[in-house]
2 protein chains.
Amino acid sequence: MKMNEGVEWAVHACCLLAPLGPDRGLSLAALADYHGVPAPYMAKQMQALSKAGIVRTSRGARGGYALGRGADAITLLDVVRAVDGAVPMFRCTEIRQRGPCASPRKDCAAPCPIARAFAGAEAAWRGALGAVTIADLVATVGRDGTPAHLGKIMQWFGAEARQLPSVG
Amino acid sequence: MKMNEGVEWAVHACCLLAPLGPDRGLSLAALADYHGVPAPYMAKQMQALSKAGIVRTSRGARGGYALGRGADAITLLDVVRAVDGAVPMFRCTEIRQRGPCASPRKDCAAPCPIARAFAGAEAAWRGALGAVTIADLVATVGRDGTPAHLGKIMQWFGAEARQLPSVG
DNA sequence: CATTATTCGGATATTGAATATCCATATTGA
DNA sequence: TCAATATGGATATTCAATATCCGAATAATG
Ligand code: FES
Ligand code: FES
């Protein structure tokens with residue numbers, strides 16, 4: 001029961017793109033370098049975010065990634081679903097329909113109570129993740145970070161951030 | 001992000017042992033046969049339950065497994081922790097401390113806000129699982145099952161259930 | 001009490017799927 | 001035309017699921 005490691009990278013990438021707004025972005029190489037992770041693997045995560053519409057992409061020279069919508073409209077659950085998939089962690093294999101005392105098929109219209117309990121727990125988990133947005137997270141970072149560190153990030157932005165073609 | 005498949009088997013096994021009370025039990029072969037699953041792998045789950053104290057075992061002729069405590073004192077969370085382990089699904093690798101704009105070590109005394117959000121979601125998940133006991137589940141099964149099916153189970157119990165040595 | 005059949009306990013391969021990583025290709029701005 | 005860049009598929013690696021085995025412990029049996 002381990003989550004895809006790329007989720008951490010993807011969320012951090014979104015938090016990095018958020019302050020740039022919808023028109024400016026970063027190249028894949030810049031994102032990978034900033035986080036100190038291999039670029040090809042970071043590409044996989046960004047690709048998943050792109051397919052989910054969380055980021056928009058611009059190909060070709062001076063292309064890159066920018067947020068696809070407002071940071072307050074992207075939740076942690078969105079990112080998890082995009083990168084890690086939407087399959088439930090507990091999967092009922094209908095074990096009750098096997099063996100010498102198998103439940104008859106017609107009695108299994110309703111899901112097994114055990115599966116129901118697990119589904120409820122996962123709903124609580126998703127609810128908690130859906131209540132946190134990227135905007136919430138960057139607000140915390142901006143509040144906790146030291147001025148010196150924030151200044152270093154601003155300087156890095158100046159060298160790496162680039163204007164992306166308008167969405168129109 | 002997939003849970004160990006044995007969790008489903010372990011929970012069902014507990015629900016099967018519950019109506020037998022603390023003194024009667026079932027052999028490993030009976031448990032595996034009842035659920036139609038390979039015995040060696042079922043053994044692995046039962047061993048995990050045994051080490052966690054959820055079931056007690058009796059070796060030797062006519063030995064087997066029985067619940068280690070009351071069914072109302074065993075939660076789904078107990079079973080998940082025993083079989084699937086207690087490692088968190090989201091693991092923070094401190095990515096913020098890497099790359100050209102790494103956060104200084106001293107700023108990282110508090111966990112990353114992203115990691116905090118995921119930890120909170122997992123706590124909600126565990127809370128939901130900890131609120132459901134084996135007793136709750138068997139009550140639902142007893143209410144939903146048809147008399148014919150319950151009768152077949154009773155007959156099977158008559159052939160397979162066995163008295164285990166008292167815990168004293 | 002000695003014997004024996006039965007059962008759990010744990011360690012160890014083998015298989016298969018999921019994950020992490022890399023490379024070739026299409027696309028775009030300059 | 002060229003260099004820069006995202007995209008998709010292909011490949012290697014890791015991890016979990018499954019099968020198999022043997023030893024230790026225990027209760028029934030005489
Ligand atoms: S049959 Fe799948 S959880 Fe009960
Ligand atoms: S550094 Fe691990 S979640 Fe932020």
Side-chain angles (χ1 to χ4, degrees), chain A residues 1-10 13 17 25-33 35-52 54-66 68 83-85 87 89-91 93 95 160-166, chain B residues 1-10 13 17 23 25-33 35-66 68 83-85 87 89 91 93 95 160 162-168:
Chain A
M1 220 207 347
K2 176 182 65 169
M3 183 176 296
N4 185 331
E5 190 180 358
V7 171
E8 184 183 3
W9 309 357
L17 292 175
L26 293 167
S27 75
L28 171 66
L31 282 171
D33 184 51
H35 295 107
V37 299
Y41 191 27
M42 174 62 93
K44 254 309 200 303
Q45 324 307 330
M46 297 311 294
Q47 203 167 310
L49 293 180
S50 171
K51 274 195 284 193
I54 295 172
V55 301
R56 73 186 181 90
T57 67
S58 174
R59 295 168 73 152
R62 295 197 68 75
Y65 298 92
V83 173
D84 200 59
V87 297
M89 19 193 175
F90 180 87
R91 230 160 312 173
T93 64
I95 197 178
E160 292 291 345
R162 56 184 61 173
Q163 191 81 16
L164 261 56
S166 294
Chain B
M1 199 171 41
K2 176 180 62 167
M3 183 176 297
N4 185 332
E5 192 179 352
V7 170
E8 185 183 4
W9 307 358
L17 292 175
D23 293 329
L26 293 168
S27 74
L28 171 66
L31 281 171
D33 184 51
H35 295 106
V37 298
Y41 195 28
M42 174 62 93
K44 195 172 178 176
Q45 324 307 331
M46 296 311 293
Q47 278 170 23
L49 293 181
S50 173
K51 273 194 286 191
I54 295 173
V55 300
R56 73 185 181 93
T57 67
S58 174
R59 297 163 75 144
R62 297 194 65 74
Y65 296 92
V83 173
D84 199 59
V87 297
M89 19 195 174
R91 233 161 309 172
T93 64
I95 196 179
E160 291 291 346
R162 55 184 62 174
Q163 191 80 15
L164 261 56
S166 296
V167 64

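These values consider heavy atoms only, across backbone and side chains, with no hydrogens, waters or symmetry-generated copies. Keep in mind that what you see is a predicted model, and the values were worked out from it rather than measured.
Using a 4.0 Å heavy-atom cutoff across all strands shown, M42(B) reaches no nucleic acid atom at all. Across all strands shown, G64(B) has heavy atoms under 4.0 Å from sugar-phosphate atoms exclusively, and none from any base. The residue R62(A) sits close only to the backbone: its heavy atoms come under 4.0 Å of sugar-phosphate atoms, none of a base.
Residue N4(B) places none of its side-chain N or O atoms closer than 4.0 Å to OP1 or OP2 of dA16(D). Regarding contacts with the backbone of dT5(D), every side-chain N or O of S58(A) stays at 4.0 angstrom or more from both OP1 and OP2. Taking 4.0 angstrom as the limit, R162(A) places none of its side-chain polar atoms (N or O) nearer than this to OP1 or OP2 of dG29(C). The phosphate of dA6(D) (OP1 or OP2) has no side-chain N or O of Q47(A) nearer than 4.0 angstrom. Contact annotation: Y41(A) side-chain N/O to dT13(D) OP1/OP2 distance is not under 4.0 Å. For dT5(D), the OP1/OP2 oxygens have no side-chain nitrogen or oxygen of T57(A) closer than 4.0 Å.
In this structure, CD of E5(A) is placed 17 Å from P of dT13(D), rounded to the nearest angstrom. R59(A) places its CZ atom 18 Å from the P atom of dA24(C), with the value rounded to the nearest Å. Nucleotide dG29(C) holds its P atom 14 Å from the CD atom of Q163(A), rounded to whole Å. Between the P atom of dA19(D) and the CG atom of L28(B) lies a distance of 13 Å, rounded to the nearest Å. Atom CG of L164(A) and atom P of dT28(C) are 13 Å apart (whole Å). Between the C1' atom of dT7(C) and the CE atom of M46(B) lies a distance of 13 Å, rounded to the nearest Å. Put simply, CD on E160(B) is 14 Å from P on dT6(C), counting in whole angstrom units. Nucleotide dA6(D) holds its P atom 10 Å from the CG atom of L26(A), rounded to whole Å.
Across all strands shown, dA30(C) forms a Watson-Crick or G-U wobble pair, both distances under 3.5 Å, with dT1(D).
Along DNA chain D, the nucleotide nearest to K51(A) and the one nearest to M3(B) differ in position, and the one closer to the 5' end is contacted by K51(A). Residues P38(A) and A61(A) each lie close to DNA chain C; by heavy-atom proximity, the contact nearer the 5' end of the strand is made by P38(A).
Put simply, the side chain of K44(A) and the base of dG9(D) share a donor and an acceptor less than 3.5 Å apart.
In this structure the side chain of D23(B) reaches within 4.5 angstrom of the side chain of Q163(B), judged on heavy atoms. For the pair W9(B)/H35(B), no side-chain contact is recorded, criterion being any heavy-atom separation below 4.5 Å from C-beta on. Side-chain contact between K2(A) and V87(B) is absent, with no heavy-atom pair separated by less than 4.5 Å.
Within 6.0 Å of CZ in R162(B) there are more than 12 heavy atoms belonging to other residues, nucleotides or ligands.
For the residue pair T93(B) and E5(A), no side-chain donor N or O sits within less than 3.5 Å of a side-chain acceptor on the partner.
Of the listed nucleotides (dA17(D), dT27(C), dA27(D)), dA17(D) has the atom at the smallest distance from the side chain of K2(B). Closest to the side chain of P40(B), out of dA19(D), dG29(C), dA6(D), is dA19(D). Set against dA17(D), dA6(D), dC15(D), the side chain of Y65(A) has dA6(D) as its closest nucleotide.
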* **Stepwise side-chain contact (heavy atoms from CB on, under 4.5 Å) check, L164(A) with R56(A)** => CA-CA 10 Å; L164(A) 261 56; R56(A) 73 186 181 90; 3.9 Å; yes
